[in-house]
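First comes the structure, then the notes that go with it.
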Amino acid sequence: MSDQITFTIDGVEVKAKPGQTIMQAADEAGIYIPRLCYLPELTAHGSCRVCTVIVNGKPQTACTQPVAEGMIVENDTPELLEHRRNLVDMLFVEGNHLCMFCERSGNCELQAMAYRLGILAPKYPYFYPDKPLDSTHKDIFLELNRCILCGRCVNASADIDGKGVFGFVGRSIDKKIAVNSDKNLGDTNMAVTDKAASVCPVGSINKKGTAFKIPYGQRLYDQKPIGSDIENKK
Amino acid sequence: MSQTKRVVIEPVTRVEGHGKVSLLLDENNKVKQARFHVVEFRGFERFIQGRPYWEVPVLVQRLCGICPVSHHLAAAKAMDKIVGVDKLTPTAEKMRRLMHYGQMFQSHALHFFHLCSPDLLFGFDADPAIRNVIGVALKYPDLAVQGVMMRKYGQEIIRATAGKKIHGTGAIPGGINKNLSIAERDEFLKDIKQMYDWSKSALKIAKDYTVQNLEKLTPFASFDSSHLSLIREDGAMDLYHGNLRAIDSQGKKIFDQVDYSKYLDYIVEEVKPWSYMKFPFIKQVGPQDGWYRVGPLARLNTCDFIDTPLAEEARKEFMAVTNGKPNNITMAYHWARMIELLHSIEKINDLLNDKDLQGNDLVVKGQKRYEGVGLIEAPRGTLFHHYKIDENDQITMANLIVSTTNNNEAFNRSVQKVAADHIDGVAKITEGLLNHIEVAIRAYDPCLSCATHAMGKMPLKVTLYDYQGNEIDNKTKE
Ligand code: SF4
Ligand code: FES
């Protein structure tokens, strides 16, 4: 078996190592595939579907699909853009994403993704869920109204912190993040230094005392769109 | 006793951004009562229940688009207390002051050029078809340009200090999130001389108009009132911080140098069944006569002096008109506002030349507290923010008294005075009455002008009720 795999993304030849996912290979090649749940240091959760690409004519999630010799991958197409817009749009209306006073604004992957995909206003009706805010932990506050169920905190807490503070409960539209205590986050053994405290793509898990400390213009996505770091590798 | 009927406020008129006035007559068709209904945002106090306190300075700007910077700063001052900080670093304090004077400058300039200059330049009895911002632009094109440029200057200062022209994030509990770069500073210093000159000429227009028409203006929409504002410890005007001072119409101090965190011991907010609004009054004077005025006129009256030379000179001229006694002429708000415009640019100049603005020590930390009060002199007057939090940092109580609310009773008095001068036995709303009510209300620069600043107009609906509460006339001015 060869130790190099060659395939194409949007007609561009990409070289990859066996066992890599399309996402990993694309990242190394400086090709950005939009994503919201994938984080390189965590096990891919494959839940957001924003990274959906067309592999030999069939839709697949790039963060979980291994590369294969001669694969033909489509990523930057009008159809996929539309598909991603719809997904992001649904995430917006399913939560309460009030960017105007959210402390993660400018550093939020969901907001940045909406900008990158050119979403100006949601086209679906809002759900207005009402989830309680959990501010019982002295260093962390949980605002699940902004959760997009990416699963990063679940994996980070279980696999990296070895604590399992977060887990999913409920199904379908009732699915939500819960903490492993009968009560609140303040009753768990979570620490602000845990990996789980710094993986949330949105303003759902926040470190207290950091809000609005970074001025406009210096926030993560003020100057360059999300994904620029990967594209700059090219 | 003559019969009166309660007037119902239609919430829809609030949404439309109309100023709404009701006039109630007695059996002899004389004005018995005038009520001016102002936009108010009481819903906010409920909306923020449960939110983490650090969101409030950012969030509060969204619920009132009128002077977002003032709300941002008043809330931040309250949150300083909550995070246990009584003194900011020099950089943080001065950055916030710069933001505030920038806001004051742009707000006063905007009000003057877009809303009040037509009244002053053409006379307030002139045909409304000319007496508007377009009329000013045609007849005094330079002036209209100045208005735009001054507003822009103030907005750029806000951007440099708060991060954005509107809805910035600059002030955070315990400090500020940025300093002023040398490049930003030099950009502002480049135009400062021009801003001085334009402020001086705007002040001259306001002053000359008032002095030349003193006889006519003195009684117009005027009445004796108490005045309230923050004041610096040495008695100087201070628009950003100080203690509370209240004086009566003759200048006698009702209270002085009151720590504003104890405002509830001095100010009571009365709720009236016919209104969403609150009616604050000075406790020791009582609900009947305890009402007061805030804003530029009140601040000129309460202060002992202004600590910038040009504005102080102007203040002396202003006070000379009433022989050093408090000025109770409603139309003198315009003149007072322009003195503050000049004061603001003087303050901006001082701050820009202060090296502390380039400091890097931005935030102080303290021991958490569960309650915080923050007051500021907003362009339209004293603004109160008061919050309580629980052990989880969530808001459990919020109480706001906005500038325009402080002036509630004064609006009514002004409208009543104007209406009484017009309606005397003849139950009809004339064009002249409509115009005069508009001019009187505009002197205060009330909140509702926010929606209308852009067009330089103030839509107004006046409704007349007979002594039995039946509507007998109404007129709307777009
Ligand atoms: S809390 Fe954040 S990290 Fe956890 S699932 Fe929700 S969005 Fe993802
Ligand atoms: S990034 Fe692949 S499914 Fe979310």
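Quick note on labels: first sequence line is chain A, next is B, and so on, each numbered from 1.
Heavy-atom pairs under 4.5 Å with chain A were tallied for Pro173(B), Gly163(B), Gly175(B); the largest tally goes to Gly163(B). Ranked by non-hydrogen atom pairs under 4.5 Å with chain B, the options His137(A), Glu143(A), Lys208(A) are led by Lys208(A). Here Lys164(B) is the residue among Glu391(B), Lys365(B), Lys178(B), Lys164(B) with the most heavy-atom pairs under 4.5 Å with chain A. Ranking Asn184(A), Leu133(A), Ile214(A) against chain B, the residue ahead of the rest is Leu133(A), based on heavy-atom pairs under 4.5 Å.
Counting heavy atoms from C-beta outward, Pro201(A) and Arg152(A) have side chains that approach closer than 4.5 Å.
Only the side chain of Val363(B) comes within less than 4.5 Å of a heavy atom of chain A; its backbone N, CA, C and O stay farther away. Only the backbone of Ala162(B) comes within contact range of chain A, with heavy atoms under 4.5 Å apart. In this structure, the portions of Phe212(A) lying under 4.5 Å from any heavy atom of chain B include both its backbone and its side chain. Of the two parts of Gln394(B), only the side chain, counted from C-beta on, holds a non-hydrogen atom closer than 4.5 Å to a non-hydrogen atom of chain A.
Trp54(B) and Phe101(A) have their aromatic ring centers separated by at least 6.0 angstrom.
Note: Phe168(A) and His45(A) have parallel aromatic rings, judged against thresholds of 30 and 60 degrees for the angle between ring planes.
How far OH of Tyr240(B) is from CZ of Arg96(B): 4.0 Å, rounded to the nearest 0.5 Å.
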